[in-house]
Amino acid sequence: MTPLSRREALRLAVSAGVTARFGRLDRFFTQGRPVPRASQLAWQQDELAIFIHFGVNTFTNREWGDGTESPAIFNPTRLDAGQWARTARAAGFRAMVLTAKHHDGFCLWPTKTTRHSVANSPFRGGRGDVVREFVDACRAENLKVGLYCSPWDRNAPAYGDSPRYNDLFCDQLSELLTQYGPIHEVWFDGANGEGPNGRRQEYDWPRFWAHVRGLQPDAVMFSDAGPDIRWIGNERGVAGDTNWSTVDPSVVPIPGMSGDAVMKMLQDGDPRGSVWRPGETDVSIRPGWFHHPAEDARVKSVDELVELYFTSVGRNSKLLLNVPPTREGLLHAVDVARLTGMRGRLDAMFSSEATAGAMASWQAGTGGGTLEVTLPQPATVSVLEAREDITRGQVVSRHGFEGLGSAGWIALGRGTTIGYRRLHRVPPVEVRALRLTIEDALAAPVGVSLRAWRG
Ligand code: FUL
């Protein structure tokens, strides 16, 4: 027998631990297939969330702080979380996720666990709480609340002293998850740098996950390894062209793992996966995650943002778009203008539905079937949508669109998975009927739907 590598042994041990201590909550099935829990379904239906990277890095102009920053530098003079929330809401986003603590360990709330926090900064005279202002602003705009809390902490002296630091981290989670009302998403980054004197911190992921579940049972937890939502495997904003919402948890049992099999599982998911763990696509509107004045001229264009929508939401994923506040504590005017532009473009694209009121018929066939829709009147379409009823699981593995034009049926677009929502942009074409053929599926497809817009 080949001896297991350390990593493999850890993977199996953690996987066993996760199943033993966590598995019961991690699996929901319908007819033998994993299906989403209510919180996962709601998370997916929100489609768009804003990521807010804000902290000492905003003031040092860095991406990763080293934990030696003085809290005295944190001094946003015009912080207005209401401006973040109003911008998000107006642009059609339905949730926001704030970096309550990044790798530098600086806490944006007045924690009792460390002096490295807003309580020792000039912000609001040392009586400020960015997490509180953020949560209140989300509630005022009817946005779901998400919090990012980095396990990697370059300031905490206990980091690297594994059990002691894990206690401290759980204490921080307790504060965040008991003092601010309902939290919808808890965002874990897998980064696991060295502690003081090169000590290695072993995170107790099963404990962290169980702790969050105990305090906020309706929150979804994000990390490479879920347990509820998985990372999509890149920070470019591109979900897998094939994107199953199910995964094999033994391939990615803990966050921070690398390797081709891990990346493939994150990108594509696994049609035979035993757990429902849809992918979240995180990407920044700028080159960096934190605001850097030098990048004000490098904000993604409206075209690029619209494209991100199609490569994330349009591929059975959710878009978590990072828009970092400036040192003043406001979203930059350029970023706001791009978000407004993105919303305007998407609203225009989806304003005129060619399939509204159309007659549809389903014809079952080998391996799938065909949904045919006759349009009330001929229309020039350029955006096509397919959906599965994911409350029954995800089954479609190959699909194709055709349109009936003056020269008969022509192929318009093809793809693999559908899932919650699959969008295709096609060159404008006049059609009087549309067909969505399910060419291959794991089981008889249920609740498949088809829509098209003039775009
Ligand atoms: C990464 C972090 O290291 C980045 O700073 C950022 O927070 C990103 C969302 O996750 O792994």
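In this chain, numbering begins with 1 at the start of the sequence shown.
The side-chain heavy atoms of C170 and D204, taken from C-beta on, include no pair separated by under 4.5 Å. L215 is listed as a side-chain neighbour of S174, based on a closest heavy-atom distance under 4.5 Å. At least one side-chain heavy atom of L384 sits under 4.5 Å from a side-chain heavy atom of V426. Counting heavy atoms from C-beta on, the side chains of V396 and T417 never come closer than 4.5 Å. In this structure, R33 and T246 have side chains that are not in contact, with every pair of non-hydrogen atoms separated by 4.5 Å or more. Taking 4.5 Å as the limit, every side-chain heavy atom of R315 sits out of range of all side-chain heavy atoms of L423. By the 4.5 Å heavy-atom criterion applied to side chains, L321 and L305 are counted as neighbours. K300 is listed as a side-chain neighbour of L308, based on a closest heavy-atom distance under 4.5 Å.
Side-chain contact, T111 with S117: no donor N or O sits under 3.5 Å from an acceptor N or O. T416 and T242 share a side-chain donor-acceptor pair at under 3.5 Å. For the residue pair Y420 and Q394, no side-chain donor N or O sits within less than 3.5 Å of a side-chain acceptor on the partner. Between the side chains of T113 and Q172, at least one donor N or O lies within less than 3.5 Å of an accepting N or O. Donor-acceptor pairing under 3.5 Å is recorded for the side chains of H291 and D296. No side-chain donor from either of R422 and N243 sits under 3.5 Å from a side-chain acceptor of the other. Inspection of the D303 and S301 side chains reveals no N or O donor paired with an N or O acceptor under 3.5 Å.
Residues E175 and K112 share a closest heavy-atom pair of OE2-N, 2.9 Å. Minimum interatomic distance between T326 and F54 (heavy atoms only, all atoms of both residues): O-CE1, 3.4 Å. Listed here is the closest heavy atom pair of M96 and C138: CE-SG, 3.7 Å. In terms of heavy atoms, I232 sits closest to G240 at CG1-N, 4.3 Å. Pairing each heavy atom of P182 with each of V145, the nearest pair is O-CB, 4.2 Å. Among all heavy-atom pairs drawn from V302 and R345, the shortest one is CG1-NH2, 3.5 Å.
Cation-pi geometry between R115 and F106 is not satisfied (NZ or CZ under 6.0 Å from the ring centre, within 45° of the ring normal). For the pair R414 and F401, the cation-pi criterion (under 6.0 Å, within 45° of the ring axis) is not fulfilled.
Under the rule for a side chain to side chain donor-acceptor pair (under 3.5 Å), the partners of N166 that lie at least two apart in sequence or sit in another chain are Q201. For the side chain to side chain donor-acceptor pair (under 3.5 Å) test, no residue two or more places apart in sequence or in another chain qualifies with W152. Residues passing the ring pair (Phe, Tyr, Trp, His ring centres under 6.0 Å) test with H184: none are found, sequence neighbours excluded. Considering only residues two or more places apart in sequence or on other chains, V336 meets the side-chain contact (heavy atoms from CB on, under 4.5 Å) condition with Q83, T87, L331, T340. Remark: D66 pairs with T68 by the side chain to side chain donor-acceptor pair (under 3.5 Å) rule, at least two apart or across chains. Evaluation of the ring pair (Phe, Tyr, Trp, His ring centres under 6.0 Å) rule for F123 yields F74 as partners, not counting sequence neighbours. Listed by chain and number, the residues in a side-chain contact (heavy atoms from CB on, under 4.5 Å) with D129 are W109, P110, V131, R132, Y180 (sequence neighbours excluded). With sequence neighbours excluded, no residue forms a side chain to side chain donor-acceptor pair (under 3.5 Å) with R94. H53 pairs by the ring pair (Phe, Tyr, Trp, His ring centres under 6.0 Å) definition with F51, H102, Y148, W289, F290, not counting sequence neighbours.
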- Residue pair R421, E388: steps toward the salt bridge (Lys or Arg N to Asp or Glu O under 4.0 Å) verdict: CA-CA 7 Å; R421 195 169 181 206; E388 286 179 72; over 6 Å; no
- Message: Evaluate M221 against F208 for side chain to side chain contact (heavy atoms under 4.5 Å, CB included), listing each step before the verdict.
- Response: CA-CA 10 Å; M221 286 178 264; F208 300 164; over 6 Å; no
- Message: Run the salt bridge (Lys or Arg N to Asp or Glu O under 4.0 Å) test on D228 and R213 for me, step by step, so that the C-alpha distance in whole Å, both residues' side-chain angles and the decisive distance to 0.1 Å come before the verdict.
- Response: CA-CA 11 Å; D228 305 311; R213 196 67 102 220; 2.7 Å; yes
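Here the options are E63, R62, R286, R298, the test is side chain to side chain donor-acceptor pair (under 3.5 Å), and the partner is H292; only E63 passes.
Note on residues 254-267: pairs passing salt bridge (Lys or Arg N to Asp or Glu O under 4.0 Å), not counting sequence neighbours, are K264-D268. Annotation: ring-ring contact (aromatic ring centres under 6.0 Å, His included) contacts involving residues 216-262, sequence neighbours excluded, comprise W187-F222. The salt bridge (Lys or Arg N to Asp or Glu O under 4.0 Å) pairs that include a residue from residues 141-161 are D46-K144, K101-D153, D161-R164, where partners are two or more places apart or lie in different chains.
In this structure a side-chain-to-backbone donor-acceptor pair under 3.5 Å is missing from E353 to R451. When atom types are taken as modelled, the side chain of S121 and the backbone of P71 share no donor-acceptor pair closer than 3.5 angstrom. In this structure, D389 contributes its side chain and G447 its backbone to no donor-acceptor pair below 3.5 Å. Remark: the backbone N or O of G237 is not paired with any side-chain donor or acceptor of S312 at under 3.5 angstrom. In terms of modelled atom types and a separation under 3.5 Å, the side chain of S284 and the main chain of P287 share no donor-acceptor contact. Here the side chain of E47 pairs no donor or acceptor atom with the backbone of L319 at under 3.5 angstrom. Using a distance-only test at 3.5 Å, with no hydrogens or angles considered, no donor-acceptor pair links the side chain of S317 to the main chain of T311. Side-chain atoms of S39 do not come within 3.5 Å of backbone N or O of A219 as any donor-acceptor pair.
The aromatic rings of W205 and F188 sit perpendicular to each other, their planes meeting at more than 60°, with 30° as the lower class boundary.
For the atom pair CG (N155) and CG (D104), the distance works out to 8.0 Å, reported to the nearest 0.5 Å.
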